[in-house]
Trainee: 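Below: one structure in structure tokens.
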There are 2 protein chains.
Amino acid sequence: MPTRPRPYHHGDLRAALLTRAEETLREKGPTALSLRELARDLGVSHAAPSRHFKDKQALLDALALAGFERLGEIMAASQEGIGESFAERLDAMVRAYVGFATANAALLDLMYSVKHDPEASEALSASVQRWSAQTVELIAEGQRRGEVREGPVERIGLPVFTTLHGYADLATSGMLPPEATEHGLDDVIAYILRGSAPD
Amino acid sequence: MPTRPRPYHHGDLRAALLTRAEETLREKGPTALSLRELARDLGVSHAAPSRHFKDKQALLDALALAGFERLGEIMAASQEGIGESFAERLDAMVRAYVGFATANAALLDLMYSVKHDPEASEALSASVQRWSAQTVELIAEGQRRGEVREGPVERIGLPVFTTLHGYADLATSGMLPPEATEHGLDDVIAYILRGSAPD
DNA sequence: ACCTGAACACCGTTCAAGT
DNA sequence: ACCTGAACACCGTTCAAGT
């Protein structure tokens, strides 16, 4: 059992930084996130992170990107092995999104506070693009089945996604009255169905 | 013209701190907000702010509270001297909220990121309470006129507010595609009307 | 009551230098 | 290539002391 005299750090500093960063984000909030503390936790010098992220902001951007990737996967997974009616698929997607939001409140906040200028991270906007296409696909499928009103998919999808996101944001910021968590999500889903149903 | 040899600072340090803080919040974002810089800008020592805000967080809380107060006023004002139909009143309120959001993006973010535990600022939750009552009143009035479906006002009002807030949040975080700003708000308003109309 | 100055324990970022 | 150590210019917070 050759105890390697610890390698450069313990494998992959870049990945380790991201993992640890997300933990402290979840546990102690975004303001408590410090590069120096991260480095201390991982047993490297405080200057080491700069080899992998030129900036603190660069680390936050990478965190946001990873978040969007995971959210995309979760939303895609919510559509697997499920009924084909629009109501069922919408229900699953809404619950997937809200579930992710409540389980990763601080991360979602970060994801939406990262600047979304076109100049910003190429990969990030590509990722956003990818999963926003999923809600568009949901709407298009609903239209094919005659369960969603006619019209440009983007223009119908926007209010739908807007409602979904608004509920998730309010829920995670603790602004919803306690009674709301009871029927709140059900009411929101029913309301989306009414808003997107054919006349 | 007696040049008073500058008073303690220049009038009311507490108010001056809040004003300046909101300016830098708007111009340079929340991470650039520093107590020491605020103090420098106002020509007082870096320890002076602590007489008026025990904490940096206390200043942020006060900022958020002021924001909710102003938002409440704006939404109330949007209902003055306007037609009585639900469609008109809803339209005015949505535009008031979204207008405030886009004009004060960073502040709105701050308002919703302040912890909303019941233990948090008494005044803050009272203020939130006050203006959330306004949307409830809008719904109740619409029901009286037979333009909004029957049911508990809170359960009908939640999806409505959720949509409104979601749009404002997406718009201010720059996540809406450029095409969306064209018809986006109109579409959202029409969708809210459909979602809350009687069957 | 309101503010100052110094002190303490932190930050992010940069850069020579080591292996 | 990857990391260290020291240095620089910042932070927030506290506390004796001044007026």
Side-chain angles (χ1 to χ4, degrees), chain A residues 2-64 106 110 113-115 120-121, chain B residues 2-64 106 110 113-115 120-121:
Chain A
T3 70
R4 289 157 298 154
R6 57 179 154 127
Y8 274 112
H9 39 279
H10 65 318
D12 183 353
L13 182 53
R14 197 194 131 92
L17 283 166
L18 286 174
T19 305
R20 189 81 185 95
E22 198 185 327
E23 282 173 24
T24 60
L25 185 64
R26 185 189 317 279
E27 288 160 13
K28 304 196 278 182
T31 53
L33 198 60
S34 128
L35 286 181
R36 284 178 108 110
E37 188 175 11
L38 246 38
R40 250 179 271 128
D41 291 349
L42 297 174
V44 295
S45 90
H46 64 261
S50 76
R51 286 294 127 184
H52 301 95
F53 302 101
K54 81 175 233 294
D55 239 8
K56 185 179 186 180
Q57 189 57 50
L59 187 150
L60 296 181
D61 289 355
L63 228 37
L110 180 73
S113 59
V114 161
K115 277 286 148 292
S121 165
Chain B
T3 71
R4 288 158 300 154
R6 57 180 154 126
Y8 274 112
H9 38 280
H10 65 319
D12 183 352
L13 183 54
R14 197 195 131 93
L17 283 166
L18 286 174
T19 305
R20 190 82 185 95
E22 199 186 324
E23 282 172 25
T24 60
L25 184 65
R26 183 189 318 279
E27 288 160 15
K28 304 196 278 181
T31 52
L33 199 61
S34 127
L35 286 181
R36 283 178 108 110
E37 187 175 11
L38 246 37
R40 251 180 270 130
D41 291 348
L42 298 174
V44 295
S45 89
H46 64 261
S50 76
R51 284 294 126 184
H52 300 94
F53 302 101
K54 81 175 233 294
D55 237 10
K56 185 180 187 179
Q57 189 55 52
L59 187 151
L60 297 181
D61 289 355
L63 229 36
L110 180 73
S113 59
V114 161
K115 279 284 148 295
S121 166

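Every chain is numbered from 1, with letters handed out A, B, ... down the list of sequences.
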Trainee: When the distance from CG of Leu33(B) to C1' of dC10(D) is rounded to whole Å, what number comes out?
Mentor: 15 Å

Trainee: Considering only nitrogen or oxygen atoms on both sides, find all protein atoms under 3.5 Å from nucleotides 5-8 of chain D and state each distance.
Mentor:
from   : atom 1 : to       : atom 2 : distance (Å)
dA6(D) : N6     : His46(A) : NE2    : 2.9

Trainee: Glu37(B) has an atom CD; how far is it from atom P of dC11(D), in whole Å?
Mentor: 6 Å

Trainee: Just wondering, do Phe53(B) and Leu63(B) contact through their side chains at under 4.5 Å, heavy atoms?
Mentor: no

Trainee: Can you tell me how far C1' of dC3(C) sits from CG of Leu13(B), to the nearest Å?
Mentor: 9 Å

Trainee: Using atom CG of Leu42(B) as one end and atom C1' of dC3(C) as the other, report the distance to the nearest whole Å.
Mentor: 14 Å

Trainee: Which of the following nucleotides, dC3(C), dT13(D), dC11(C), is nearest to the side chain of Arg40(A)?
Mentor: dC11(C)

Trainee: Let me spell it out: for each of Lys56(B) and Arg51(B), pick the nucleotide of DNA chain D with the closest heavy atom. Which residue's pick is nearer the 5' end?
Mentor: Lys56(B)

Trainee: Compare side-chain N and O positions of Ser34(A) against OP1 and OP2 of dG12(C) and report whether any pair is under 4.0 Å apart.
Mentor: yes

Trainee: Can you measure Leu17(B) atom CG to dG12(D) atom P for me and round it to whole angstrom units?
Mentor: 12 Å

Trainee: Just the dot-bracket of DNA chain D, please: which string comes out with Watson-Crick or G-U pairs under 3.5 Å, [ ] for crossing, | for another strand?
Mentor: ||.|||||...|||||.||

Trainee: Roughly how many Å is it from CZ in Phe53(B) to P in dC2(C), rounded to a whole number?
Mentor: 13 Å

Trainee: Quick one: CG on Asp61(A) to NZ on Lys54(A), what's the gap to the nearest 0.5 Å?
Mentor: 8.5 Å

Trainee: Tell me, do Leu13(A) and Arg51(A) make a side-chain contact under 4.5 Å, heavy atoms counted?
Mentor: no

Trainee: Could you tell me which non-hydrogen atom of Ala21(B) sits nearest to which non-hydrogen atom of Leu59(B), and how far apart they are?
Mentor: CB-CD2, 3.8 Å

Trainee: So, taking the atom named OG1 in Thr19(B) and the one named CG in Asp12(B), what distance separates them when rounded to the nearest 0.5 Å?
Mentor: 9.0 Å

Trainee: Could you check whether Glu23(B) pairs with Arg26(B) (Lys NZ or Arg NE/NH1/NH2 to Asp/Glu carboxylate O, under 4.0 Å)?
Mentor: no

Trainee: Measure the distance from CG on Asp55(B) to P on dC11(D) and round it to the nearest whole Å.
Mentor: 17 Å

Trainee: When you compare the side chain of Glu22(A) with that of Leu18(A), does any pair of heavy atoms fall below 4.5 Å?
Mentor: no

Trainee: Using whole Å, what does the distance between atom P of nucleotide dT4(C) and atom NE2 of His52(B) come to?
Mentor: 11 Å

Trainee: Pairs under 3.5 angstrom only: tabulate donor-acceptor contacts from the side chains of residues 29-39 of chain A to other protein residues two or more places apart or in another chain.
Mentor:
from     : atom 1 : to       : atom 2 : distance (Å)
Ser34(A) : OG     : Arg36(A) : N      : 3.3
Ser34(A) : OG     : Glu37(A) : N      : 3.0
Glu37(A) : OE2    : Lys28(A) : NZ     : 3.2

Trainee: Looking only at heavy atoms, which two atoms of Ala47(A) and Ser50(A) are closest? And how far apart?
Mentor: O-OG, 2.9 Å

